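See structure below.
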Amino acid sequence: MPNVSRRDVLASLGILGSSALLAGCGRSRASSQDATTTSVGQSRRTAGEDTAASPVDAAVRPSAVASCDWAYRPLDPAAVGQLAYDIYPQGSCMYSVFGSVVMQLADGVGEPFRSFPIDMMRFGATGIGGWGSVCGVVNGCSALIGLFHSGEGAREKREELIANICLWYESEALPSFQPEKPALDFEVAATISNSVLCHVSSGTWCKAAGCDPFGIERRERCRRLSAQGAMKVVQVLNDDANGQPEFVDFSPQVHSCIECHGKDNLRDSIGTMNCTSCHQFDTKHP
Ligand code: HEC
Ligand code: HEC
């Protein structure tokens with residue numbers, strides 16, 4: 001058998017060339033992540049100082065750097081919340097949370113935010129694709145955190161910020177957002193979901209409010225919850241951008257469950273969701 005390396009095969013298919021292009025994007029993103037307040041113009045100047053290694057690099061790098069600057073810039077939570085409320089009918093919860101933030105950045109910064117295909121976020125409706133799984137508000141907030149902290153080395157930061165969202169969602173009485181002009185004007189009950197799941201969160205609310213899960217009241221509740229989620233993620237991202245990220249810890253109970261069942265002990269359970277929304281022990285735990 002001829003001795004052909006993986007690199008030769010990739011090169012002959014032209015794959016190395018395109019991965020060089022992607023690597024250009026990755027580098028610019030990693031560098032822009034540390035400087036959240038850097039403007040697009042500044043990062044373009046920095047790129048101009050680099051000496052290009054190859055003709056391919058020289059051709060693609062300036063534009064790749066300019067169009068991949070996904071750094072977050074602090075936004076006004078109230079304005080984003082109202083926008084999320086307004087666009088909710090166009091695409092439901094995840095779309096409105098994610099879209100409101102990206103649209104505000106597109107307004108203030110332009111590219112690359114203007115070109116983000118926010119329509120894709122419609123998959124996060126009624127959980128994921130109608131499955132009632134993770135709530136689109138949690139998913140939309142987390143997708144934004146993922147966009148602004150996408151590096152391989154940013155995992156800890158990502159998980160810390162996502163924990164802020166999940167713990168807020170599980171433990172706060174929601175929604176309390178009051179729109180300027182409510183699409184449906186009624187007293188929306190606020191409930192604690194104890195769960196990041198759409199099925200549990202909506203179900204808990206419907207039971208407390210005495211509303212039909214398929215009715216317009218439940219939709220109005222989710223619309224306000226989306227607005228509030230957009231405000232929450234903006235607040236979390238602003239605090240982080242200002243160098244004051246808030247650290248939120250799990251409840252002592254979840255800590256105790258994980259101490260025994262997590263990776264350092266019994267190793268029979270993964271994840272950090274609120275355990276007691278699914279496991280309840282009437283009297284004694286085995
Ligand atoms: C002091 C250690 C300890 C703590 C704290 C603890 N567990 Fe357990 N748990 C065990 C042991 C030991 C078993 C039996 C072996 C097994 O099934 O893993 C068990 C069993 C279970 C089971 C399987 C039950 C069944 O009927 O098969 C579940 C579910 C569970 N625990 C959930 C929890 C949750 C939720 C918490 C927190 C509220 C918790 N555990 C806290 C030690 C602990
Ligand atoms: C969304 C519901 C849900 C949540 C939240 C949840 N679990 Fe479970 N868990 C399940 C289901 C379903 C099973 C599988 C059926 C069963 O064993 O009861 C399970 C199984 C388990 C088991 C038994 C595993 C085995 O090998 O027998 C343990 C232990 C456990 N969970 C611990 C936890 C802990 C600790 C938490 C919180 C950090 C947690 N679970 C959160 C639904 C949940």
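Fair warning: this is a prediction, and the values are worked out from it, not measured in the lab. As the structure lists them, so they are numbered: ligands from 1, and atoms in each ligand from 1.
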- Message: By the ring-ring contact (aromatic ring centres under 6.0 Å, His included) test, which pairs, at least two apart or in different chains, include something from residues 186-243?
- Response: none
Could you list each N/O atom of ligand 1 together with any protein N/O atom closer than 3.5 Å, one pair per line with the distance?
| unit_1 | atom_1 | unit_2 | atom_2 | d |
| --- | --- | --- | --- | --- |
| ligand 1 | 7 (N) | H261 | NE2 | 2.8 |
| ligand 1 | 7 (N) | H285 | NE2 | 3.0 |
| ligand 1 | 9 (N) | H261 | NE2 | 2.8 |
| ligand 1 | 9 (N) | H285 | NE2 | 3.0 |
| ligand 1 | 18 (O) | D268 | OD2 | 2.5 |
| ligand 1 | 31 (N) | H261 | NE2 | 2.7 |
| ligand 1 | 31 (N) | H285 | NE2 | 2.7 |
| ligand 1 | 40 (N) | H261 | NE2 | 2.8 |
| ligand 1 | 40 (N) | H285 | NE2 | 2.6 |

- Item | Qualifying residues under ring pair (Phe, Tyr, Trp, His ring centres under 6.0 Å), relative to F247, sequence neighbours excluded | none
- Message: Check for me whether the distance between the ring centres of Y95 and Y88 falls short of 6.0 Å.
- Response: no
- Give a yes or no on this: more than 12 heavy atoms of other residues, nucleotides or ligands lie within 6.0 Å of atom CG of L266. yes
- Message: A quick test of your reading: do over 12 heavy atoms of other residues, nucleotides or ligands sit less than 6.0 Å from CD of Q280?
- Response: yes
- Atoms in ligand 2 with a heavy atom of G271 nearer than 4.0 Å: 38 (C)
- Element-labelled atoms of ligand 2 that are located less than 4.0 Å from some non-hydrogen atom of L197: 1 (C)
- Message: Checking Q228 against Y169: is there a side-chain donor and acceptor pair closer than 3.5 Å?
- Response: no
- Item | Side-chain hydrophobic cluster, 4.5 Å single linkage: members besides V248 | L167, F250, V254, I258
